[in-house]
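In what follows, chains are A, B, ... by sequence order, proteins preceding strands, each numbered from 1. Every heavy atom of this structure was used, including side-chain atoms; hydrogens, water molecules and symmetry mates were not.
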Amino acid sequence: GQNIDQPTEMTATEGAIVQINCTYQTSGFNGLFWYQQHAGEAPTFLSYNVLDGLEEKGRFSSFLSRSKGYSYLLLKELQMKDSASYLCAVRNDYKLSFGAGTTVTVRA
Amino acid sequence: GAVVSQHPSWVICKSGTSVKIECRSLDFQATTMFWYRQFPKQSLMLMATSNEGSKATYEQGVEKDKFLINHASLTLSTLTVTSAHPEDSSFYICSAPDRGGDTQYFGPGTRLTVL
């Protein structure tokens with residue numbers, strides 16, 4: 001089975017840094033994805049990790065430790081437009097299994 | 001990046017009717033597409049994998065006779081919700097992987113409301 005856990009909600013101030021953790025226990029693994037989803041919209045791709053380590057993409061970075069079943073998404077220099085839900089997803093073979101999502105609220 | 005479109009964006013229908021949702025890959029070919037359902041404040045749940053030229057693969061608990069999937073071409077998959085009921089009201093999203101399969105591109109979603 002698939003078990004993907006991430007916090008339900010996080011709040012941070014504009015300009016700050018927020019780290020969203022994701023732990024997973026899945027029957028198979030060949031990649032971990034992070035998506036951003038604004039209310040009423042489809043998810044948009046943020047990052048992809050298949051090997052251990054840190055992937056940096058502008059203000060967003062994602063880290064993976066396969067031995068620990070752990071990933072985090074780091075959002076730096078938060079902007080109001082970053083208020084959204086962030087979904088952690090594990091790929092097993094060709095299928096994606098999603099966590100419930102973390103709602104991030106950015107306050108001025 | 002790759003673009004996936006869905007039509008319609010939203011639909012309201014009466015209970016007992018059927019609704020067809022289209023998913024198109026606009027600038028790439030997709031032999032495989034995925035259909036998800038998302039209820040309010042919940043995550044995406046994979047319903048089925050649509051395969052061009054063959055039958056769709058349904059996830060456990062998803063009724064294949066209720067959710068008909070047809071992958072008519074390399075750029076089009078359709079999901080038909082047959083005899084829709086209020087509990088089928090949800091946000092339906094399709095996705096297609098890029099050529100390498102490393103990234104899935106999502107359509108904008110279809111909001112279905114069954115009265």
Please say whether more than 12 non-hydrogen atoms of neighbouring residues, nucleotides or ligands are located less than 6.0 Å from [atom1] in [X].
| X | atom1 | answer |
| --- | --- | --- |
| A:Glu77 | CD | no |
| B:His7 | NE2 | no |
| B:Arg111 | CZ | yes |
| B:Lys20 | NZ | no |
| B:Met45 | CE | no |

Working to the nearest 0.5 Å, report the span between [atom1] of [X] and [atom2] of [Y].
| X | Y | atom1 | atom2 | answer |
| --- | --- | --- | --- | --- |
| A:Leu96 | B:Ser95 | CG | OG | 7.0 Å |
| A:Tyr94 | B:Phe34 | OH | CZ | 6.5 Å |
| B:Gln104 | A:Phe33 | CD | CZ | 7.0 Å |
| A:Lys95 | B:Thr32 | NZ | OG1 | 11.5 Å |

Exercise for review: Provide the closest heavy-atom pair for A:Ala42 versus B:Gly109 in the form atom of the first, atom of the second, distance.
Suggested key: CB-N, 4.4 Å
Point to revise | Polar side-chain atom of B:Ser43 near backbone of A:Gly99 as donor-acceptor pair, under 3.5 Å | key: yes
Count I, L, V, M, F, W, Y as connected when their side-chain heavy atoms are under 4.5 Å apart, and connections chain through other members. Are [X] and [Y] then in the same cluster?
| X | Y | value |
| --- | --- | --- |
| A:Leu74 | A:Leu78 | no |
| B:Phe91 | A:Leu87 | yes |
| A:Ile20 | A:Val106 | yes |

Measuring only between side-chain heavy atoms, which start at C-beta, is [X] closer than 4.5 Å to [Y]?
| X | Y | value |
| --- | --- | --- |
| B:Leu46 | A:Ser97 | no |
| A:Gln37 | B:Leu44 | yes |
| A:Phe45 | B:Phe106 | no |
| B:Ile93 | A:Pro43 | yes |

**Study point:** Proximal component of B:Gln38, with respect to chain A [non-hydrogen, under 4.5 Å]
**Key:** side chain
